[in-house]
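Accompanying notes for the structure given below.
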Amino acid sequence: MLKKISILFLVGLITYSCAKVPFSGRNQLSLVSNEEILPMSYDQYGQVLKESKLVTSSTQGQQVVRVGRRIAEAVETYMREKGYADELEGFQWEFNLIESEQVNAWAMPGGKVAFYTGIMPICQDETGIAVVMGHEVAHAIASHARERMSNGLLLNGLIGGVQVAMGQNPTLTQSIFLQAVGYGGQLGMLKFSRKHELEADQLGLNFMALAGYDPRQAPIFWERMNAGAEGARPPEFLSTHPGPDKRIQELNKQMAEAMAYYEKSNKQ
C-alpha cells in the first residue's frame with residue numbers, strides 16, 4: 001500500500017511539475033526553478049571566466065558579443081509578443097570568447113554563453129557565429145539544464161527542490177548541477193542528449209532567422225564542421241549523438257519555417 005502511495009505521489013509530482021518548452025511546445029520535467037538554478041549558473045560561469053584566458057575584447061570576441069546581443073534581443077522581443085516573457089525572468093545575458101583550441105561553444109542557464117577560439121575558423125563570419133549562437137541560446141531558452149537537473153534530482157530521490165537537496169547531500173547536488181549544465185571541468189563541456197541537441201538545432205535555426213541572419217547558412221556550417229573533423233578527433237560539437245548528416249537533414253526539414261522568420265525580420 002505504501003509503495004502504491006509513493007508511486008502515485010511521484011506520478012502526481014511529475015505531472016504537476018511539467019513545463020512546456022517555448023517554441024517547440026514539448027513537455028519537460030521542471031522540479032527546479034530559475035530562482036534556484038540561475039545563481040548557481042552565474043557562480044559557475046564566473047569561476048570558468050576566472051580560470052580562462054578571455055579574448056572577448058579582440059575583433060573576433062566583439063563579433064561574438066555583437067551576434068549574441070542581436071540574437072538575444074530578437075528572441076526576447078519574440079517571446080514577449082508570444083506571452084513567454086516570464087521564461088526570461090532573471091536572465092543576465094553575457095557572451096565571451098575564450099582562448100582554447102577546442103572546437104566548441106556552450107551556454108549555461110540564464111544566458112551565459114562562451115565560445116572557444118578553436119571554433120572561430122569554422123564559423124568564418126558573423127553568420128557562422130549566429131548558427132552556433134542560435135544553438136547555444138536555444139539551450140538556455142529551452143531550459144535544458146534545468147530539465148536535466150530535475151531528472152537528476154528525481155533519479156537520486158532528491159525531490160524537495162535545490163535547497164532541500166543541498167541540505168540532504170550538497171556534494172551530490174553540486175555534481176548533478178555540473179552535469180546538468182554540461183560542465184566537465186578543465187573547460188570541458190559534457191554532451192547533451194540527442195533530444196536536446198536536435199531541439200537546440202531546430203530552435204536555434206529560428207532564432208538566427210529572427211535576428212536577421214540567413215538560416216540557409218546553417219547546413220553549410222555543419223558541412224564545414226564535418227569536413228574539419230575528417231581524419232581527426234571529432235570536435236565537441238560532433239561528439240553528441242546526432243551526426244552532421246542527421247543535423248543537416250533535420251535543419252533542411254525546418255528551413256521553410258525559418259525562412260519565413262528571416263524574410264519577416266528583413267522587412268522590419
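Along the sequence shown, residues carry numbers from 1.
The two residues Ser58 and Leu97 make their nearest non-hydrogen contact at OG-CD2, 4.1 Å. Of all the heavy atoms in Tyr45 and Met108, the pair that sits closest is N-SD, 3.7 Å. Contact between Tyr213 and Arg70 at its shortest, heavy atoms only, is OH-CD, 3.2 Å. The shortest non-hydrogen separation linking Ala140 to Gly111 is CB-N, 4.1 Å. The two residues Ala138 and Leu203 have their closest heavy-atom pair at CB-CB, 3.7 Å.
In Glu73, the CD atom is not crowded: 12 or fewer heavy atoms of neighbouring residues, nucleotides or ligands sit closer than 6.0 Å.
Note: Gln254 CD to Asn206 CG = 4.5 Å, rounded to the nearest 0.5 Å. Distance check: Asn252 CG to Leu205 CG gives 9.0 Å after rounding to the nearest 0.5 Å. For the atom pair NE2 of His135 and CG of Asp201, the computed distance is 5.5 Å after rounding to the nearest 0.5 Å. Going from atom CD1 of Ile119 over to atom CD of Gln60 covers 11.5 Å, rounded to the nearest 0.5 Å. The line from CG of Leu210 to CD of Glu76 is 12.5 Å long, rounded to the nearest 0.5 Å. Rounded to the nearest 0.5 Å, atoms CZ (Phe207) and CD (Gln202) are 11.5 Å apart.
Using a 4.0 Å cut-off between charged nitrogen and carboxylate oxygen, Lys253 and Glu250 count as a salt-bridge pair.
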Inset, instruction - Step by step, work out the side-chain hydrogen bond (donor to acceptor under 3.5 Å, both in side chains) result for Gln47 and Glu51. - result: CA-CA 6 Å; Gln47 186 63 35; Glu51 297 171 355; 2.8 Å; yes

Inset, instruction - Could you please spell out the steps behind the side-chain contact (heavy atoms from CB on, under 4.5 Å) verdict for Asp214 and Met208? - result: CA-CA 7 Å; Asp214 188 347; Met208 67 177 294; 5.8 Å; no

Inset, instruction - Would you please test Ile141 and Leu88 for side-chain contact (heavy atoms from CB on, under 4.5 Å) and show each step? - result: CA-CA 8 Å; Ile141 294 295; Leu88 295 169; 3.4 Å; yes

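Residues Met40 and Asp43 are not in side-chain contact: their nearest non-hydrogen atoms beyond the backbone lie 4.5 Å or more apart. Two residues are said to be in side-chain contact when any heavy atoms from C-beta on lie closer than 4.5 Å; Val132 and Phe115 meet this criterion. Ile98 places none of its side-chain heavy atoms less than 4.5 Å from the side chain of Thr117. In this structure, the side chains of Pro219 and Met255 come closer than 4.5 Å at one or more pairs of heavy atoms. The shortest distance between side-chain heavy atoms of Glu197 and Arg247 falls below 4.5 Å.
A donor-acceptor pair is defined here as one N or O able to donate and one able to accept, closer than 3.5 Å; such a pair exists between the side chain of Arg224 and the backbone of Cys123. Tyr42 contributes a side-chain N or O that, together with a main-chain N or O of Gln92, makes up a donor-acceptor pair within less than 3.5 Å. Between the side chain of Glu136 and the backbone N or O of Val113 there is no donor-acceptor pair closer than 3.5 Å. With hydrogens and angles disregarded, no donor-acceptor distance shorter than 3.5 Å links the side chain of Asn226 to the backbone of Trp222. Remark: side-chain polar atoms of Ser52 are not paired, donor with acceptor, to backbone N or O of Leu54 under 3.5 angstrom. Side-chain atoms of Gln62 come within 3.5 Å of backbone atoms of Thr56 as a donor-acceptor pair (strictly under, hydrogens ignored). Under the 3.5 Å distance criterion, the side-chain polar atoms of Ser41 are matched with a main-chain donor or acceptor of Pro109.
Relative orientation of the Trp93 and Phe95 rings is parallel, given thresholds of 30° and 60° on the angle between their planes.
Hydrophobic clustering of Ile, Leu, Val, Met, Phe, Trp and Tyr side chains at less than 4.5 Å, counting indirect connections, unites Trp106 with Leu49. Hydrophobic clustering (ILVMFWY, side-chain heavy atoms < 4.5 Å, transitive): Val67 and Ile220 are in distinct clusters.
Sorted by first then second residue, the salt bridge (charged side-chain N to carboxylate O under 4.0 Å, His left out) pairs that include residues 106-123, not counting sequence neighbours, are Glu94-Lys112. Residue pairs meeting the side chain to side chain donor-acceptor pair (under 3.5 Å) criterion with at least one partner in residues 118-127, sequence neighbours excluded, are Arg66-Glu126.
Ring to ring, Tyr78 and Tyr84 are not that close: their centroids are 6.0 angstrom or more apart.
Considering only residues two or more places apart in sequence or on other chains, Tyr262 meets the side-chain hydrogen bond (donor to acceptor under 3.5 Å, both in side chains) condition with none of them.
For His139 and Glu199, the side-chain atoms include no donor-acceptor pair closer than 3.5 Å.
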